[in-house]
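This report refers to the structure that appears directly beneath it.
Hydrogens, waters and symmetry mates play no part in the numbers below; they use all other heavy atoms, side chains included. Per chain, numbering begins at 1; letters A, B, ... match sequence-line order.
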Amino acid sequence: MSPSSRIVQLIKTQPLGQAVEIRGWVRTRRDSKGFSFLEINDGSCVANLQVIAEESLPRYEEEILRLTTGCAVRISGQLAASPARGQAVELKASEVEVYGWADPEKYPLQKKRHSFEFLREITHLRPRTNSLGAVARLRSALSFAVHRFFQEQGFLHLHTPIITTSDCEGAGEMFTVTTLDLNNLPRKDGRPDFNQDFFGRQANLTVSGQLEAEIYCLALGNVYTFGPTFRAENSNTSRHLAEFWMIEPEMAFCDLAQDMQVAEAFIKYLVQYALDNCSDEIELFTNFVDKGLKGRLAAVLAQDFARITYSEAIDRLKTCGKTFNFSVAWGTDLQSEHERYLCEEVFKRPLIVSDYPKSIKPFYMRVNDDNTTVAAMDILVPGIGEIIGGSQREERYDRLVSRIKEQGLNLPDYEWYLDLRRYGTAPHAGFGLGFERLIQFVSGMANIREVIPFPRTPGSASL
RNA sequence: UCCUGGGUAGCUCAGUCGGUAGAGCAGGUGACUGUUAAUCACCCUGUCGGGGGUUCGAAUCCCUCCCCGGGAGCCA
């Protein structure tokens, strides 16, 4: 391990008068009479460390005065209180070593703000910016917090398959995984012959770990998955990715009410964790990305999520006197504009909508006693919309069979799933949280492509 | 995929009535300065997204394709 300090620690502990060493990248250089100011960022925090480089240093003219944005350096010296405003401490350099130059005529990152659209074109360089670096730290922190929340509550972390042959998930279009020669595709009855493929059958990238999670839930109790998820939908929006990360808890002996409780506690825990551990990042986002961010996050913690059933939502939308582009009718899905109105204008906080008509929801959701709705819930947050979708699962064998048939699905495909109901079935429930949407919510970033390091979207997969 | 707005200097954008392109920032040079979006002066920079068409003449008008933003659908 190098003897260098990370800047986050130096700023926090302020070891004045001590010899320290840092390694990082030059953000900017400003020259004064007899010395230069260097701003160094090492990725450990939002803040740069200001370095004073006197002209008496070796190679001052040849190297230090040539330092520009992007150069990688090692600097040792003494940490001192800063006499000027803007920073508490600064580093009086005694040695400056340049690891790598960055030709200012060609280096794309300038000492100014860039549009996120432009930064997307330089995926390999954008984490060197303040905001994308901050997103990376927030993402890492929240990822840890996800595990901490569930581990603290005794959940078991489960790795569900990324390559799956269960073609019965119905959550969206799937990517096929194959080693077949696409230039000379073996066919049978005109269709690709997957019997000759690597797995001897068609395999796809997972669209959800839920069904597999149910298997372990009904053996070990509460479990959660946290892994990549793939949807081959031609979705072109600021909140859809073809490859994204999803967290899916599945809880045994759990009903919809408890499911909602856990989901609400989970989101609040993550928001609180971000406020406690990424305050500088959230400050940055509030100042430069979304002025309302901090207030909104505080409001999330301050009150209970609003709760409303689908039927109540329809009533409210019908009687609110507002005209929508899409008409409101019981039995049809809520449109984006309906959800936004309820969440952002009526309740002005996260909103849980529950008990949707069974006709618009998948087969595995538990049918309510009214026989027309299912025990499903969506959590909507202001600015983003749906961030969680969940339900109590149908644990009754007969009901599940008729739901599978009702939806025109192929019963034999579900034998293993039905076994879970044949033998020792139990009430259980779960939900899926879109990790990137959560990061959008906590960072205020408008486009989901900024909150994942390497976004995959239709027509775009850089690196 | 649909609707809509865009694509002009490294970046962000302006460009009138169709007459062959401009600003700020960045970059270079110099001055000045415990500076911090430093300041001041000077200098450099163009496949006007690609292709086709109309015209004496197209960044500008028409057709077409590509790419990007915003909205919608699908969902997390």
OP1 or OP2 of [N] versus the side-chain N and O atoms of [X]: is any pair under 4.0 Å?
| X | N | result |
| --- | --- | --- |
| A/R30 | B/A38 | yes |
| A/T237 | B/C74 | no |
| A/R120 | B/G69 | yes |
| A/S235 | B/C75 | no |
| A/R449 | B/G70 | no |
| A/K111 | B/A38 | yes |
| A/N447 | B/G70 | yes |

Among [options], the nucleotide that comes nearest once only the side chain of [X] is considered:
| X | options | value |
| --- | --- | --- |
| A/D31 | B/U33, B/C11, B/C74 | B/U33 |
| A/Q335 | B/G34, B/A72, B/A76 | B/A72 |
| A/S460 | B/G24, B/C68, B/G71 | B/C68 |
| A/S82 | B/G69, B/C75, B/U35 | B/U35 |
| A/P83 | B/C11, B/A76, B/G34 | B/G34 |
| A/Q50 | B/G34, B/G10, B/C75 | B/G34 |
| A/E105 | B/U35, B/G10, B/G27 | B/G27 |
| A/E117 | B/G10, B/G34, B/C68 | B/C68 |

What nucleic acid atoms does [X] come within less than 4.0 Å of, heavy atoms only: base, sugar-phosphate, or nothing?
| X | result |
| --- | --- |
| A/L241 | base |
| A/I388 | sugar-phosphate |
| A/F35 | base |
| A/E90 | base |

*Is it true that a side-chain atom of A/E173 and a backbone atom of A/E233 form a donor plus acceptor pair closer than 3.5 Å?*
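Between the backbone of A/E233 and the side chain of A/E173 there is no qualifying donor-acceptor contact (under 3.5 Å).
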
In the structure shown, which nucleotide is the Watson-Crick or G-U wobble counterpart of [N], with both distances under 3.5 Å?
| N | answer |
| --- | --- |
| B/A72 | B/U1 |
| B/U39 | B/A31 |
| B/C44 | none |

